[in-house]
Amino acid sequence: MSADEATRDGAAQDGAATAARNPPWTATVLTIFPEMFPGHLGASLAGKALERDLWALRVLDIRDFARDKHRSVDDAPFGGGAGMVMRPDVVDAALEAAKAQGSGPAIYLSPRGRLLTQALVRELAAGPGAILLCGRYEGVDERVLEAQGVAEVSLGDYVLSGGEPAALALMDAVVRLLPGVVGNEASPAEESFERGLLEYPHYTRPAAWRGRKVPQVLTSGHHEKVRRWRRGQAERITEERRPDLWAHYLRDRDEGEGREP
Ligand code: SAH
């Protein structure tokens, strides 16, 4: 992207929350299973946004960059052991092609990576896009990750059979933050993690259900009381369920950095 385009994009975003970016946020996915995309992102809000060019998806089949007639992308690990490893030369060629047509940081979805958090999602959503390398087998030869300056991002502390569901989850989280994708613009700012807290409980009709009533404050029509009740609930739930987040939140608040809603 040129400097001009970058400035124009920035100005467009500052100007109107719903203005689409041009070019749109673009995910460039590298995978040996291109048929897994757009997957669930072809449906619902993300799917409509994709049709409306509010974001773009390019999928490159890593096999197209193999050099032999069997189109092999993997080989046995040096040092022995179970499984196969994705070859550096093949992955390198795929990454070069992705960088030539895509934009944003190159990310390898990997259980060794930095945890995907809402803060990282926001960071990515503010950029031009991301190049997402999906591993299979035991993973990717280390040298190509070093040579191409690839960052590693993890979906969580468990092992998936491939990077594709992680790439889909990352794109899902980013896309819903892009201008114009989620109808109610105020909604993402109210959610879990946005203020370092988990979300307060939700209630809808009927007002009484199986003998359970909706908390009275929510039907009081008193906005300030509702706000305070929700904040209190969010704090209680975070303290109970996520001591790690709670400790962060308290630290930020004590340093006077806690953001007011
Ligand atoms: N041998 C590896 C696991 C390989 S799983 C290890 O022990 O760390 C195969 C592929 O699935 C990986 O290359 C990676 O792209 C993807 N993957 C597995 N778990 C993941 C996670 N928690 N987050 C993101 N990607 C993951």
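One-based numbering, in listed order, for ligands and for the atoms of each. Bear in mind the structure is a predicted one, so any value in this text is a computation, not a measurement. One is the number of the first residue; the rest follow in order along the sequence. Just so it is clear, the values below take in all heavy atoms, side chains as well, and ignore hydrogens, waters and symmetry mates.
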Do any N/O atoms on Y158 end up under 3.5 angstrom from N/O atoms on ligand 1? yes

List every atom of ligand 1 that sits less than 4.0 Å from any heavy atom of G139, numbering the atoms from 1 in the order shown and giving each element. 13 (O)

Is it the side chain, the backbone, both or neither of A166 that has a heavy atom closer than 4.0 Å to ligand 1? side chain

Distance-only N or O hit between ligand 1 and L155, under 3.5 Å: yes

Taking R236's backbone N and O only, do any of them form a donor-acceptor pair with W246's side chain (distance below 3.5 Å, no angle check)? no

May I ask whether atom 25 (N) of ligand 1 is less than 4.0 Å from at least one protein heavy atom? yes

Between R63 and R71 (side chain of the first, backbone of the second, donor and acceptor by atom type, cut-off under 3.5 Å), is there such a pair? yes

Give yes if a backbone or side-chain nitrogen or oxygen of L160 is under 3.5 Å from a nitrogen or oxygen of ligand 1, and no if not. yes

Please, which pairs that meet side-chain hydrogen bond (donor to acceptor under 3.5 Å, both in side chains) have at least one residue in residues 81-101, sequence neighbours excluded? R87-D89, D92-Q148, E96-Q148, K99-Q148

With heavy atoms of G156 as the reference, note each atom of ligand 1 found under 4.0 Å away. 22 (N)

Residue pairs involving residues 28-55 (criterion side-chain hydrogen bond (donor to acceptor under 3.5 Å, both in side chains); sequence neighbours excluded): T31-E164, H40-D172

Do the side chain of S72 and the main chain of H70 share a donor and acceptor less than 3.5 angstrom apart? no

Minimum heavy-atom separation for P201 and I237, please, with both atom names. CD-CD1, 3.9 Å

For ligand 1, which atoms, with element, lie under 4.0 Å from some heavy atom of G135? 10 (C), 11 (O), 13 (O), 15 (O)

Taking distance alone, with no angle check, do L109 and ligand 1 share an N/O pair under 3.5 Å? yes

Any N or O of V159 closer than 3.5 Å to N or O of ligand 1: no

For E239 and L245, what are the C-alpha separation, side-chain angles and deciding distance, and is it a side chain to side chain contact (heavy atoms under 4.5 Å, CB included)? CA-CA 8 Å; E239 184 177 14; L245 292 179; over 6 Å; no

Starting at CZ of F193, measure out to OG1 of T117 and round the result to the nearest 0.5 Å. 9.0 Å

Less than 3.5 Å apart, any donor N or O on the side chain of E235 or Y249 sitting next to an acceptor on the other? yes

Heavy atoms from other residues, nucleotides or ligands near CG of D157 exceed 12 (cutoff 6.0 Å): no

among protein heavy atoms, the one nearest atom 6 (C) of ligand 1 is P111 CG, 4.2 Å

Could you tell me, atom by atom, which parts of ligand 1 come under 4.0 Å of a heavy atom of G163? 11 (O), 15 (O), 16 (C)

Considering only heavy atoms of E138, which atoms of ligand 1 have at least one such atom less than 4.0 Å away? 1 (N), 2 (C), 4 (C)

Looking only at N/O atoms, are V153 and ligand 1 under 3.5 Å apart anywhere? no

Contact between ligand 1 and P165 is defined here as a heavy atom of the residue under 4.0 Å from a ligand atom; is it met? no

What residue and heavy atom of the protein are closest to atom 12 (C) of ligand 1, and at what distance? Y108 OH, 3.7 Å

In terms of side-chain heavy atoms, does S110 have a donor or acceptor partner in E152 at a distance below 3.5 Å? yes

Y137 to ligand 1: N or O pair under 3.5 Å? no

Atoms in ligand 1 flagged as close to S154, the criterion being non-hydrogen separation under 4.0 Å: 22 (N), 23 (N)

